[in-house]
Amino acid sequence: MQATRIYSVLLFVVTSLVSTAIAVNQNGTIPTNSSASLSTVGNGTPSKDFRIQCDSSSLGLVDSQVRPGIYYLRGVCGGLYDDPHASRCSFLDLSMCYINDGGNIRAQKMGHFLDTCNSCVLYASHGSNMLACTCGKGVNLGGGMQEAAVQLDDLLYVKNGFLSCYGYTNFECPDIDVPY
């Protein structure tokens, strides 16, 4: 059923955005032929286009183990305290960055969009990182659910190796035996 749901969301995104979707691996990463490497990413300054500072093959959605319904964006990013060769793995709770506005995902500080959106997938389209989810339209718009997508590159950036939005960062990727 999950595979059907992912297929349905990707099909919606492909047809509505006329894009090419990339499947998400079972471990939450996106397969890519990126030429970025950890030794060449980052320069220590915030960058709106986090793709420049993050290894694109490391980007993926991770379900929280202790907060049901919460997705973290995971990435290995450079720019660690002005050292272009250093990097770190970090998580960012996307609910701190986006809101569900009548079934559409848009940027808003502490928007908590995951309260009314689910079945999210991360994919690439025309060189951009996109997030697609199924979101509630709200009672005032007749209720029900609809597919929604948002481009992540316009808002997210990297600061000292941490994925960030609106000045918020979450935490470094935990050890395997530590719940997140």
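The structure presented is a predicted model; accordingly, all values stated were derived computationally and were not measured.
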Given Ser90 and Glu172, is the side chain to side chain donor-acceptor pair (under 3.5 Å) satisfied, shown in steps? CA-CA 4 Å; Ser90 70; Glu172 286 191 84; over 6 Å; no
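- At distances below 3.5 Å, at least one donor-acceptor pair connects side-chain atoms of Ser58 with backbone N or O atoms of Val76.
- At a threshold of 4.5 Å between non-hydrogen side-chain atoms, the residues Ile70 and Asp63 do not count as touching.
- The side-chain tip of Arg88 points at the ring of Phe162 from less than 6.0 angstrom away and within 45° of straight on.
- Counting only heavy atoms from C-beta outward, the side chains of Leu156 and Leu94 approach each other to under 4.5 Å.
- Proximity of Asn100 to Leu114: side-chain heavy atoms (C-beta onward) are nowhere separated by under 4.5 Å.
- Expressed to the nearest 0.5 Å, how far CG of Leu152 lies from OG of Ser128 amounts to 9.5 Å.
- Side-chain contact between Asp55 and Cys77: absent, with no pair of heavy atoms (C-beta onward) separated by less than 4.5 Å.
- Considering only heavy atoms from C-beta on, Gln53 stays 4.5 Å or farther from Tyr157 through its side chain.
- Between the CD1 atom in Ile99 and the CG atom in Asn104 there is a gap of 11.5 Å [rounded to 0.5 Å].
- Sulfur-sulfur distance for Cys117 and Cys135: below 2.5 Å, consistent with a disulfide.
- Closest heavy-atom contact between Cys120 and Phe113: SG-CE1, 4.2 Å.
- Without hydrogens or angle criteria, Asn129 side chain to Ala124 main chain gives no donor-acceptor distance under 3.5 Å.
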